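Notes follow once the structure below has been shown.
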Amino acid sequence: MSHKNEKNIWALNKMPPLEYCSISRAAKLLNCEIEDFLHWHDVGVISLCINLQKTKGTLKINVENQNLEESPLKLYFDGDLTFNELTRIYKTWSRHSKVYTLITTKDDQIPPLVKTNTRSTTYELICFISDIWSIDSRNISVLLKDTENVFEETKLSAISPSDQILSNSFQPEINDRPVINLDNIFITKETIDKIHTHAVSGKPLPFMEDLINSDENDSQDIKPISPHKEKLSNFIRFLIQSNPTINKNILSTTANNRHKILRDYLEDLKSKGTEVDYDIPSSPTLERYLNL
């Protein structure tokens with residue numbers, strides 16, 4: 001069945017597109033529930049965002065060595081452009097993820113810390129950021145248990161990075177960690193369009209590509225991976241979070257039952273054609289991975 005004549009979500013609502021909006025506003029546009037957005041975020045098919053005031057911390061940007069000289073970042077490090085000019089002119093990432101360099105004296109900027117491995121170079125900048133940044137935590141559904149629930153986010157990333165950037169992350173200083181609650185979670189136009197397209201087609205939302213944490217792999221090449229190819233401990237947690245029944249029952253049962261539930265669920269995924277790179281480990285190993 002063709003969907004070429006289907007109107008986009010903005011035309012259906014008779015309004016021009018919003019660059020981003022709150023998840024409560026998006027729920028009305030898409031005729032879904034707030035908990036749907038949290039679920040899609042937690043299982044890794046979309047990324048939700050937080051709207052920040054100026055927040056101090058360390059920004060890490062990873063670039064392939066072969067693109068280093070041609071990278072627009074060189075214009076920033078040479079002092080020719082500000083970071084926000086890079087986002088506007090060279091589309092380094094979305095202009096909604098703003099960066100402000102931290103100045104220590106009137107004319108003296110803190111130089112970046114540079115780390116290089118065989119494939120890439122990582123720049124670490126002490127700076128302020130603001131506006132719309134992606135939430136890295138994949139357990140924000142806990143906010144549904146209590147509307148007053150909040151938690152501090154320890155890592156964020158710029159939205160819509162260009163292909164020239166392998167990865168980016170921002171670690172707020174302890175006293176500047178943003179507090180996430182249901183009132184300050186936002187969603188971008190691109191993500192709303194993606195959800196609507198898949199709602200119309202009836203096809204599942206695809207899992208997003210992620211990157212191995214550069215902090216854990218400074219001496220290794222960084223390779224794009226999917227949630228099915230993360231290290232086993234994260235993969236097991238991903239299985240638990242992606243299935244409401246498992247998430248509800250897994251921690252309240254015995255170790256043997258826990259192992260059986262996960263093994264059966266994984267086998268069911270494989271039988272349905274889902275590509276999975278792991279077999280469930282032994283029960284004692286599984287308990288160690290889950291810190292139980």
Side-chain angles (χ1 to χ4, degrees), residues 20 47-65 67-105 107-117 119-138 151-180 184-186 188 208-222 224:
Y20 54 86
S47 275
L48 296 174
C49 307
I50 183 171
N51 197 346
L52 300 169
Q53 302 297 317
K54 277 193 174 183
T55 302
K56 184 181 178 183
T58 302
L59 176 65
K60 298 181 181 182
I61 309 165
N62 191 263
V63 183
E64 275 191 309
N65 291 336
N67 296 327
L68 214 51
E69 286 302 313
E70 293 77 24
S71 171
L73 287 172
K74 192 172 185 301
L75 296 171
Y76 168 77
F77 293 123
D78 290 344
D80 297 327
L81 291 176
T82 68
F83 216 104
N84 292 320
E85 287 172 334
L86 281 183
T87 62
R88 291 199 308 271
I89 299 170
Y90 290 96
K91 313 296 183 188
T92 309
W93 54 55
S94 169
R95 65 184 183 278
H96 300 305
S97 297
K98 290 188 169 57
V99 176
Y100 303 88
T101 302
L102 178 64
I103 308 296
T104 54
T105 64
D107 299 310
D108 184 22
Q109 295 181 354
I110 297 177
L113 176 65
V114 181
K115 297 180 180 179
T116 302
N117 61 31
R119 183 187 175 193
S120 63
T121 297
T122 300
Y123 298 97
E124 296 185 11
L125 296 160
I126 299 175
C127 60
F128 288 101
I129 66 170
S130 72
D131 291 38
I132 306 297
W133 287 71
S134 290
I135 299 168
D136 274 34
S137 293
R138 294 288 171 182
F151 65 84
E152 293 182 341
E153 179 62 297
T154 59
K155 196 168 88 166
L156 305 158
S157 57
I159 56 177
S160 304
S162 73
D163 292 339
Q164 290 188 323
I165 295 180
L166 288 177
S167 65
N168 78 88
S169 66
F170 179 82
Q171 294 175 299
E173 292 195 350
I174 293 177
N175 294 333
D176 266 27
R177 288 176 179 171
V179 173
I180 298 175
N184 66 356
I185 299 176
F186 287 73
T188 64
M208 300 179 303
E209 285 192 337
D210 202 350
L211 293 169
I212 295 175
N213 189 324
S214 58
D215 290 345
E216 298 176 358
N217 298 275
D218 284 338
S219 62
Q220 301 175 18
D221 288 347
I222 296 176

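Small disclaimer: the values here were computed from a predicted structure and weren't measured.
In terms of the ring-ring contact (aromatic ring centres under 6.0 Å, His included) criterion, residue partners of Tyr20 (sequence neighbours excluded) are, by chain and number, His96. In this structure, the side chain to side chain donor-acceptor pair (under 3.5 Å) partners of Ser47, at least two apart in sequence or on a different chain, are Arg138. Among residues two or more places apart in sequence or in another chain, the salt bridge (charged side-chain N to carboxylate O under 4.0 Å, His left out) test is passed with Glu85 by none. In this structure, Asp80 has no side chain to side chain donor-acceptor pair (under 3.5 Å) partners at least two apart in sequence or on a different chain. With sequence neighbours left out, Thr188 forms a side chain to side chain donor-acceptor pair (under 3.5 Å) with Thr191. In this view, Thr55 satisfies the side chain to side chain donor-acceptor pair (under 3.5 Å) rule with no residue, not counting sequence neighbours.
Under the 3.5 Å distance criterion, the side-chain polar atoms of Ser97 are matched with a main-chain donor or acceptor of Ile159. In this structure a side-chain-to-backbone donor-acceptor pair under 3.5 Å is present from Asn184 to Val179.
Pairing each heavy atom of Pro178 with each of Leu52, the nearest pair is CB-CD2, 3.5 Å. For the pair Leu156 and Asp136, the tightest heavy-atom approach, listed with the atom from each and the gap, is C-OD1, 3.7 Å. Closest non-hydrogen pair, Tyr76 versus Thr82, comes out as CD1-C, 4.0 Å. The nearest pair of heavy atoms linking Arg95 to Thr87 is CA-OG1, 3.9 Å.
Note that CD1 of Ile135 is 7.0 Å distant from SG of Cys49, once rounded to the nearest 0.5 Å. The structure places CD of Gln53 at 11.5 Å from CD1 of Ile129, a figure rounded to the nearest 0.5 Å. Note that the CD1 atom of Ile50 and the CD1 atom of Ile180 stand 4.5 Å from one another [nearest 0.5 Å]. In this structure, the separation between CD on Glu173 and OG1 on Thr154 is 14.0 Å, given to the nearest 0.5 Å. Here OG1 of Thr58 is found 5.5 Å from CD1 of Ile126. Values are rounded to the nearest 0.5 Å. We find the NZ-NZ distance between Lys115 and Lys60 to be 5.5 Å, quoted to the nearest 0.5 Å.
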Residue pair Thr121, Val63: steps toward the side-chain contact (heavy atoms from CB on, under 4.5 Å) verdict: CA-CA 5 Å; Thr121 297; Val63 183; 5.5 Å; no

Pair Leu59-Tyr123, side-chain contact (heavy atoms from CB on, under 4.5 Å): steps then yes or no: CA-CA 8 Å; Leu59 176 65; Tyr123 298 97; over 6 Å; no

Asp176/Lys56 under salt bridge (Lys or Arg N to Asp or Glu O under 4.0 Å): CA gap, chis, key distance, verdict: CA-CA 6 Å; Asp176 266 27; Lys56 184 181 178 183; over 6 Å; no

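When each of Ile165, Val99, Ile61, Asn84 is checked for a side-chain contact (heavy atoms from CB on, under 4.5 Å) with Thr92, only Ile165 meets the rule.
Side-chain contact of Glu153 with Ser137: a donor-acceptor pair under 3.5 Å is present, judged by distance alone. Inspection of the Ser157 and Asn168 side chains reveals no N or O donor paired with an N or O acceptor under 3.5 Å.
Here the side chains of Lys155 and Ser169 are in contact, with some heavy-atom distance below 4.5 Å.
Ring geometry for Trp133 versus Phe170: interplanar angle of 30 to 60°, hence tilted.
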